[in-house]
There are 2 protein chains.
Amino acid sequence: MRDTRAELLMQAETLVRGRGYAGFSYADLAAAVGIRKASIHHHFPTKIDLGAALVAAYAARYAAALEAIRRDVPDGPGRVEAYGRLYLGGVEQGLGCLCAALAIEGEALPERLRRDIAAFFADHLAWLEAILREGQADGSVRGGADPAALARYVVATLEGALLMERLFASPAAFRGTLAVLVDGLRPQ
Amino acid sequence: MRDTRAELLMQAETLVRGRGYAGFSYADLAAAVGIRKASIHHHFPTKIDLGAALVAAYAARYAAALEAIRRDVPDGPGRVEAYGRLYLGGVEQGLGCLCAALAIEGEALPERLRRDIAAFFADHLAWLEAILREGQADGSVRGGADPAALARYVVATLEGALLMERLFASPAAFRGTLAVLVDGLRPQ
DNA sequence: GATTGTCTACCATTAAGTAGGTAGATTGCT
DNA sequence: AGCAATCTACCTACTTAATGGTAGACAATC
């Protein structure tokens, strides 16, 4: 027995991250999974339901990764670097961030999805703020700067680097930007 | 006589930056301009033609702004800050970057548009690299770092900040990220 | 008189979503 | 254990609306 729902989520994520939310259709997804278009509606009645499930699964994966980083990496810069490497996979596979793909649609995006991706970013910001605050406390991160502002700056840099370096298909350049970012966080 | 072509470009830019390239249609544009759908095809035979014209106009506006900044602002950090303020308008108006909106579509984007937006980013990177190199030479920018890598990092940070802070409708947060970015470029 | 800009009216294709049905597994009841 | 009811997951066939794009007519203008 193959888990069709999981397969749908996986292929849909690849499609959205590769071409945007408005840029893929149930027909595309049906072809990718090898199922009929109508059968998708059995699992995800509307495209909005599918989008929301996509964001939920994506956010859950990230949440687990963030927890693992906090557990396994001791210092602030090391944690931010590990966080940045989560984005690197996207550059290597030619896939953007799911939530960036949705965020681009802006006003056209169903309210529910807009809320969900805002929560996604808010979660990352809260995690980073805590990480940076801890780093400042233990001296691994340069003091003086507001951790909340620093967190926004970190997410922005990585989201932007993923967006641009995917276009240029340049993981090396992404690594370079990550290095500049992390170096700037260390105490001088 | 109203310049319909210019009006089409203006409204189309707002639509693409607000909802993405796949997220707007000729019907939307026709309604926005107050013209019939078929008339748009007279000015821009295909959607790709329109997209290319959009990128060309957008790139030309940026090119003029970059030249003005180089002329009017003397030091490296000041120039980068002025560059960053070009993005701020987008956050304030709730509009993303045109080229980011196109870049998200990735593999689904017509090859021609992909080339055009790659050139857009390459132009900015070259300008910034020169600006940063000059800044290092005159001592206004911290030395040691590779200007090309630094340029990629600057564009990434601003593109990412525009993407995220538009979602949060927070020009203040964008300003905060810009401040962190520019401060990090100054010599310690 | 040719070109420019707009129109109405259309086309083929694709979009998301629905209706209704079928085969097979699971469940509850006697 | 036997059996009917239900549920799950899929199907074909369809609807309605929207998509990008075309054909050809009509005025105004150069």
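Side chains included, hydrogens not; waters and symmetry mates left out as well; all remaining heavy atoms used.
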Legend entry - Partners passing salt bridge (Lys or Arg N to Asp or Glu O under 4.0 Å) against R115(B) (at least two apart in sequence or in another chain): none
Inset, instruction - Can you tell me the distance, in whole Å, between the CZ atom of R5(A) and the C1' atom of dT8(D)? - result: 14 Å
Legend entry - Spatial distance of atom CG (L54(B)) from atom CG (D49(B)) [nearest 0.5 Å]: 11.5 Å
Legend entry - I35(B) CD1 to dG5(C) P, straight-line distance once rounded to whole Å: 10 Å
Legend entry - Heavy-atom neighbours of E67(A) CD exceed 12 at 6.0 Å: no
Inset, instruction - Would you tell me if any nitrogen or oxygen in the side chain of H42(A) comes within less than 4.0 Å of OP1 or OP2 on dA9(D)? - result: yes
Legend entry - Distance, nearest 0.5 Å, that separates OH of Y153(A) from CZ of F174(B): 13.5 Å
Legend entry - Gap separating the CD1 atom of I131(B) from the CG atom of L185(B), nearest 0.5 angstrom: 12.0 Å
Legend entry - Nucleotide of dT6(C), dT12(D), dA9(D) approaching R36(A) most closely (side-chain heavy atoms): dT12(D)
Legend entry - N/O donor-acceptor pair under 3.5 Å between R19(A) side chain and A108(B) backbone: no
Legend entry - Separation of E165(A) CD from R152(B) CZ (nearest 0.5 Å): 4.0 Å
Inset, instruction - Kindly say if S39(A) contacts the phosphate of dA9(D), meaning a side-chain N or O under 4.0 Å from OP1 or OP2. - result: no
Inset, instruction - Give the cluster check for Y21(B) versus L163(B): same hydrophobic cluster or not, with ILVMFWY residues linked at side-chain heavy-atom distances below 4.5 Å. - result: no
Inset, instruction - Could you tell me whether the phosphate oxygens of dT6(C), OP1 or OP2, come under 4.0 Å of any side-chain nitrogen or oxygen in T4(B)? - result: yes
Legend entry - Per-nucleotide protein contact string for nucleotides 15-29 of chain D, where B marks a base within reach and S marks sugar-phosphate only (heavy atoms under 4.0 Å, - for neither): ----SBBBB------
Inset, instruction - Take the C1' atoms of the five end pairs on each side of the helix from dG1(C)-dC30(D) to dT14(C)-dA17(D), derive the two axes, and give their angle rounded to 10 degrees. - result: 10°
Inset, instruction - May I ask you to check whether F44(B) and Y26(B) place their ring centres under 6.0 Å from each other? - result: no
Inset, instruction - Rounded off to whole Å, could you give me the CG-to-P distance for the L29(A) and dT14(C) pair? - result: 17 Å
Legend entry - Spacing between E7(B) atom CD and dT6(C) atom P, to the nearest angstrom: 11 Å
